[in-house]
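Reviewing the structure listed below.
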Amino acid sequence: MNSFDPQERQEQSLKRRWQEKRLISNISPRPPSSLPFMAHSKSFPSLDNDDLVSAVVPPVTVVLEGRSICQRISLHKHGSYHSLAKALRQMFVDGAGGDVAETTDLDLTNAVPGHLIAYEDMENDLLLAGDLNWKDFVRVAKRIRILPVKGNSRKRRGGA
C-alpha cells in the first residue's frame, strides 16, 4: 500500500466521504427535552415574534439638531408613539424635573415645539416618524433625529 499512489488516495477519500455521509444520514435529531442545556429549564416564556424582536432591539440614539450631546432611548420600553412623544418632551423640553405636564393631546408633531421628529432606518434613509405602525418603527429605527422647522425663506427675502 503506497500512500503516494494517486489512485489509492482518491479511493480512500471517496470511501471516507461515503462513510461520513452514511453516519450523518443515520443521526436522528433529538427531541428538545433530551438536550443537556434544556434539562434545567422546564419551559420558556411564550413570546410571539413581534415581542421577541422588540425585546432585543438595542437603544437608539436621539439627536437634537444644534446640540452636541446625544441621548439614547430604548424604544421597546415604549408601547406607542404617544409614550415616545412624552419621553422626548421630558428629555428636551421639560428637562429632568420630576413633574411632567399631563397633556392628552401630545403626539410627535408637538412633542418638541418648533421641531419635526424623523428617524434613520437601517439603510440610512431619513423618514418622518409616525408613518409606520409602532412595531415596524421599533424594528427599523436606528437613530431618531429632531430637526428644527425652518420658516419660509421667501417671505423673509421679500419683506427685507
Side-chain angles (χ1 to χ4, degrees), residues 20-21 23-160:
E20 288 172 359
K21 186 175 181 181
L23 284 173
I24 291 172
S25 65
N26 287 336
I27 296 174
S28 63
R30 294 189 284 179
S33 60
S34 67
L35 296 175
F37 63 88
M38 300 273 294
H40 299 295
S41 68
K42 304 248 190 247
S43 66
F44 287 110
S46 61
L47 293 174
D48 63 353
N49 286 341
D50 291 336
D51 292 337
L52 184 62
V53 168
S54 66
V56 295
V57 173
V60 298
T61 305
V62 180
V63 180
L64 180 62
E65 292 294 317
R67 288 195 186 171
S68 58
I69 297 175
C70 304
Q71 297 198 23
R72 296 182 66 89
I73 191 167
S74 297
L75 293 177
H76 71 275
K77 292 183 179 179
H78 299 280
S80 65
Y81 284 113
H82 180 73
S83 174
L84 175 64
K86 282 173 56 174
L88 293 175
R89 165 73 61 117
Q90 185 177 11
M91 255 187 232
F92 296 110
V93 178
D94 296 336
D99 272 350
V100 178
E102 280 295 320
T103 55
T104 56
D105 59 343
L106 184 67
D107 60 1
L108 290 178
T109 59
N110 61 3
V112 182
H115 292 78
L116 289 175
I117 299 177
Y119 69 96
E120 289 181 22
D121 63 0
M122 297 301 175
E123 298 169 350
N124 290 331
D125 293 331
L126 190 62
L127 304 163
L128 191 61
D131 288 346
L132 293 176
N133 69 34
W134 177 253
K135 288 184 178 181
D136 290 338
F137 172 74
V138 170
R139 274 191 214 113
V140 301
K142 185 175 71 172
R143 177 178 292 129
I144 295 176
R145 297 178 65 102
I146 302 174
L147 307 167
V149 177
K150 296 182 180 177
N152 193 348
S153 61
R154 290 183 183 184
K155 287 182 182 177
R156 286 187 216 148
R157 287 183 192 161

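Quick caveat: nothing in here was measured; it's all calculated off a predicted structure.
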* Please identify each residue that fulfils side chain to side chain contact (heavy atoms under 4.5 Å, CB included) with Thr61, with sequence neighbours left out. => Val63, Cys70, Arg72, Arg143
* With sequence neighbours excluded, tell me which residues meet side chain to side chain contact (heavy atoms under 4.5 Å, CB included) with Asn124. => Glu120, Lys142
Pairwise distance [atom1]([X]) to [atom2]([Y]) - rounded to 0.5 angstrom:
X      : Y      : atom1 : atom2 : value
Leu64  : Arg145 : CG    : CZ    : 10.5 Å
Leu88  : Ser83  : CG    : OG    : 9.5 Å
Leu108 : Leu116 : CG    : CG    : 10.5 Å

* Asked: Can Leu132 and Leu127 be said to form a side-chain contact (heavy atoms from CB on, under 4.5 Å), step by step?
  -> CA-CA 10 Å; Leu132 293 176; Leu127 304 163; 6.0 Å; no
* **Close side-chain approach of Ile144 to Leu84, heavy-atom, < 4.5 Å** => yes
* Residue pair His78, Ile73: steps toward the side-chain contact (heavy atoms from CB on, under 4.5 Å) verdict -> CA-CA 9 Å; His78 299 280; Ile73 191 167; 3.6 Å; yes
* Structure fact -> Contacts satisfying ring-ring contact (aromatic ring centres under 6.0 Å, His included) that involve residues 121-146 (not counting sequence neighbours) are Tyr81-Trp134, Tyr81-Phe137, Tyr119-Phe137, Trp134-Phe137
* Heavy-atom closest pair, residues Ala111 and Leu106 -> CA-CD1, 3.8 Å
* What residues, two or more places apart in sequence or in another chain, satisfy side-chain hydrogen bond (donor to acceptor under 3.5 Å, both in side chains) together with Glu123? -> none
* To do: Just jot down the side-chain hydrogen bond (donor to acceptor under 3.5 Å, both in side chains) partners of His115, sequence neighbours excluded, or say none.
  => none
* **Within residues 75-85 or reaching into it, pairs that qualify as salt bridge (charged side-chain N to carboxylate O under 4.0 Å, His left out) - sequence neighbours excluded** => none
* Asked: With sequence neighbours left out, what residues match Asp136 under salt bridge (charged side-chain N to carboxylate O under 4.0 Å, His left out)?
  -> Arg139
